[in-house]
Colleague: 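This is the structure I have questions about; it appears just below.
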Amino acid sequence: MSTPGIRPLVAGNWKMNGSRDMARKLVADLVARAAGSELPVDLLVCPPFPYLSVVADALSGSSLSLGGQDCHTAAAGAHTGDVAAAMLRDLGAGAVILGHSERRADHGESSGLVAAKAKAAVAAGLTALVCVGETEAQRNAGDAEKIVENQIVESIPSGIGFADIVVAYEPVWAIGTGRTPTVADVAAMHRHIRALLTARDPLGAVVRILYGGSVKPGNAAELMAVPEVNGALVGGASLKAEDFWGIAEGAAKSAS
Ligand code: PGA
């Protein structure tokens with residue numbers, strides 16, 4: 001089992017994919033599967049902003065929860081094109097992905113900005129799902145643990161309740177590439193992250209640490225069984241109900 005006492009979370013990050021019709025069908029399929037089973041795994045669906053409402057309706061009454069893919073640092077105001085954490089909460093979201101490597105790369109998001117967003121998210125009643133991960137060059141240079149450590153320290157704001165945090169370790173070079181680190185490398189990084197979190201707060205012992213990057217039904221059970229891996233952040237494979245469900249089943253195998 002990955003960490004005794006921690007229930008796995010499998011989160012689907014749809015990124016900028018889908019349509020209204022696809023969102024309805026995909027979620028209806030997931031809801032039907034969830035209704036017919038008692039998987040000991042929490043499931044989270046994070047669609048693009050325009051489909052949050054459609055997905056919220058489709059998830060209603062089910063055991064799955066809704067999440068956003070980003071939020072602004074401010075509670076409201078003159079920020080054209082941005083979305084406040086309270087708006088996500090208003091639509092029924094329970095969580096928001098923050099600091100994904102695509103946002104760090106596409107929008108130049110710094111860890112400091114991610115920390116400010118995490119503070120705003122938690123203040124609005126959301127769980128902040130904070131992403132960290134090294135590039136391939138950083139890993140090849142032997143700097144992976146140091147890079148991730150700095151991202152953890154700088155992206156998780158001081159004073160935040162650790163009960164409201166989820167960490168996702170996503171090596172940038174494993175995202176969307178079909179490549180994954182070795183089980184030993186995942187184990188080493190997750191152990192390192194756990195040590196960093198517990199050194200900061202006793203509740204760090206129960207923060208969920210997800211692995212993300214090319215998780216598929218075929219490798220989920222093996223990855224989810226790694227010590228201190230408490231679920232998955234899934235990109236491409238979250239766009240097909242069968243694949244997302246297959247990953248949830250993989251995670252269930254190592255659930256306590
Ligand atoms: P992937 O993406 O599963 O398509 O590799 C993971 C992520 O970016 O969260």
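Computed over heavy atoms, backbone and side chain alike; hydrogens, waters and symmetry mates excluded.
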Colleague: Backbone N or O of Ala93 within a donor-acceptor pair of the Arg89 side chain at under 3.5 Å?
Modeller: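 Yes; at least one donor-acceptor contact below 3.5 Å.
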Colleague: Looking at NE2 of His72 and CG of Asp82, how far apart are the two atoms once the value is rounded to the nearest 0.5 Å?
Modeller: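 Here the rounded value is 4.5 Å.
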Colleague: So which atom in Asn17 and which in Trp14 form the shortest heavy-atom distance, rounded to 0.1 Å?
Modeller: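 Scanning both residues, the minimum pair turns out to be ND2-O, 2.9 Å.
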Colleague: Taking side chain as C-beta onward, heavy atoms only, is Glu102 less than 4.5 Å from Met16?
Modeller: no
Colleague: Sorted by first residue and then second, give each salt bridge (charged side-chain N to carboxylate O under 4.0 Å, His left out) pair with at least one member in residues 200-222; sequence neighbours left out.
Modeller: Asp42-Arg208
Colleague: Is a donor on one side and an acceptor on the other found under 3.5 Å between the side chain of Arg194 and the backbone of Val207?
Modeller: yes
Colleague: With sequence neighbours excluded, tell me which residues meet side chain to side chain contact (heavy atoms under 4.5 Å, CB included) with Ser60.
Modeller: none
Colleague: When you measure from the side chain of Arg20 to the backbone N and O of Tyr51, does any donor-acceptor pair fall under 3.5 Å?
Modeller: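 Not at all, since once roles are kept as given, no pair shorter than 3.5 Å links the two residues.
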Colleague: Distance check, rounded to the nearest 0.5 Å: Cys46 atom SG versus Asp70 atom CG?
Modeller: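 Cys46 atom SG to Asp70 atom CG measures 11.5 Å (nearest 0.5 Å).
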Colleague: Just how far is it from atom CG of Asp164 to atom CD1 of Ile156, taken to the nearest 0.5 Å?
Modeller: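 Between atom CG of Asp164 and atom CD1 of Ile156 there are 12.0 Å.
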Colleague: Please check if Leu98 and Leu66 belong to a single hydrophobic cluster, counting links between Ile, Leu, Val, Met, Phe, Trp and Tyr side chain heavy atoms closer than 4.5 Å.
Modeller: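 Linked, Leu98 and Leu66 end up in one cluster.
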Colleague: Apply the test salt bridge (Lys or Arg N to Asp or Glu O under 4.0 Å) to residues Asp29 and Lys25: give CA-CA distance (whole Å), side-chain angles for both, the deciding distance (0.1 Å), then the verdict.
Modeller: CA-CA 6 Å; Asp29 192 334; Lys25 286 183 181 146; over 6 Å; no
Colleague: Restricting to non-hydrogen atoms, name the atom on Ala237 and the atom on Asp243 that form the minimum distance, rounded to 0.1 Å.
Modeller: O-CB, 3.4 Å
Colleague: Identify the two heavy atoms, one from Val96 and one from Cys71, that lie closest to each other, and give their separation to 0.1 Å.
Modeller: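 Where Val96 meets Cys71 most closely, the heavy atoms are CG2-N, 4.1 Å.
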Colleague: Ignoring hydrogens and angles, tell me if any N or O in the side chain of Tyr169 forms a donor-acceptor pair with the backbone of Pro171 under 3.5 Å.
Modeller: no
Colleague: Given 3.5 Å as the limit, does a donor-acceptor pair link the side chain of Ser214 with the main chain of Ala174, or not?
Modeller: yes
Colleague: Hey, does the side chain of Ser254 reach the backbone of Met224 with a donor-acceptor pair shorter than 3.5 angstrom?
Modeller: yes
Colleague: Apply side chain to side chain contact (heavy atoms under 4.5 Å, CB included) to Val229 and Leu223, showing your working.
Modeller: CA-CA 7 Å; Val229 172; Leu223 287 165; 5.5 Å; no
Colleague: Taking the side chain from Asn13 and the backbone from Gly235, do they hold a donor-acceptor pair closer than 3.5 Å?
Modeller: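 Side chain of Asn13 to backbone of Gly235: no pair is present.
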Colleague: Output yes when a side-chain donor or acceptor of Arg104 lies under 3.5 Å from a complementary backbone atom of Cys131, and no otherwise.
Modeller: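 Yes, Arg104 side chain to Cys131 backbone: donor-acceptor pair under 3.5 Å.
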Colleague: Leu239 and Val31: same hydrophobic cluster, using ILVMFWY side-chain contacts below 4.5 Å?
Modeller: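 Yes, it is one cluster - the side chains of Leu239 and Val31 are joined through contacts under 4.5 Å.
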Colleague: Hey, what do you get for CD1 (Ile152) to CD1 (Ile193), rounding to the nearest 0.5 Å?
Modeller: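 It is 4.5 Å, given to the nearest 0.5 Å.
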Colleague: Looking at His107 and Glu109, would you say the former's side chain and the latter's main chain have a donor-acceptor pair under 3.5 Å?
Modeller: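 Side chain of His107 to backbone of Glu109: no pair is present.
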Colleague: Hey, which of Val45, Leu59, Leu43 is the one that makes side chain to side chain contact (heavy atoms under 4.5 Å, CB included) with Leu30?
Modeller: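 For Leu30, the side chain to side chain contact (heavy atoms under 4.5 Å, CB included) check succeeds only for Val45.
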Colleague: Evaluate the side-chain proximity of Asp185 to Arg139: yes if any heavy-atom separation is below 4.5 Å, no if none is.
Modeller: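 Counting from C-beta outward, Arg139 and Asp185 do come under 4.5 Å.
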Colleague: According to a hydrophobic-cluster definition based on side-chain heavy atoms being under 4.5 Å apart (Ile, Leu, Val, Met, Phe, Trp, Tyr only), do Trp173 and Val215 belong together?
Modeller: no
Colleague: Side-chain heavy atoms nearer than 4.5 Å, only ILVMFWY residues, links allowed to pass through others: does that put Val114 and Leu196 together?
Modeller: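 Both belong to a single hydrophobic cluster.
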Colleague: Determine yes or no for a side-chain-to-main-chain donor-acceptor pair under 3.5 angstrom, with Gln69 supplying the side chain and Phe49 the backbone.
Modeller: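 Side chain of Gln69 to backbone of Phe49: no pair is present.
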Colleague: Can Glu149 and His192 be counted as having a side-chain donor-acceptor contact under 3.5 angstrom?
Modeller: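 Glu149 vs His192: donor-acceptor pair found between side chains.
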Colleague: Once rounded to the nearest 0.5 Å, what's the spacing between atom OG of Ser37 and atom CD of Glu249?
Modeller: 7.5 Å
Colleague: Mind checking who shares a hydrophobic cluster with Leu9, ILVMFWY linked at side-chain heavy-atom distances under 4.5 Å?
Modeller: Leu44, Ile97, Leu129, Val166, Leu210, Leu233
Colleague: Do Glu136 and Thr177 have side-chain heavy atoms sitting under 4.5 Å apart?
Modeller: no
Colleague: Locate the shortest heavy-atom distance separating Thr180 from Gly213; write the atom from each residue and the value.
Modeller: CG2-O, 3.4 Å
Colleague: Below 4.5 Å, heavy atoms only, C-beta onward: do Leu39 and Arg33 meet side chain to side chain?
Modeller: no
Colleague: Are Leu91 and Met87 joined in one hydrophobic group, where the rule is that I, L, V, M, F, W and Y side chains link up if heavy atoms are under 4.5 Å apart?
Modeller: yes
Colleague: Taking all non-hydrogen atoms of both residues, which atom of Ala120 and which atom of Thr73 are closest, and how far apart?
Modeller: CB-O, 3.2 Å
Colleague: If you measure from CD1 on Ile209 to CZ on Arg191, what distance do you get to the nearest 0.5 Å?
Modeller: 11.5 Å
Colleague: State, yes or no, whether a side-chain contact exists between Phe244 and Leu26 at a heavy-atom distance under 4.5 Å.
Modeller: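 Of all side-chain heavy-atom pairs linking Leu26 with Phe244, none is under 4.5 Å.
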Colleague: How close do Ile247 and Ala220 get, heavy atom to heavy atom, and via which atoms?
Modeller: CA-CB, 3.8 Å
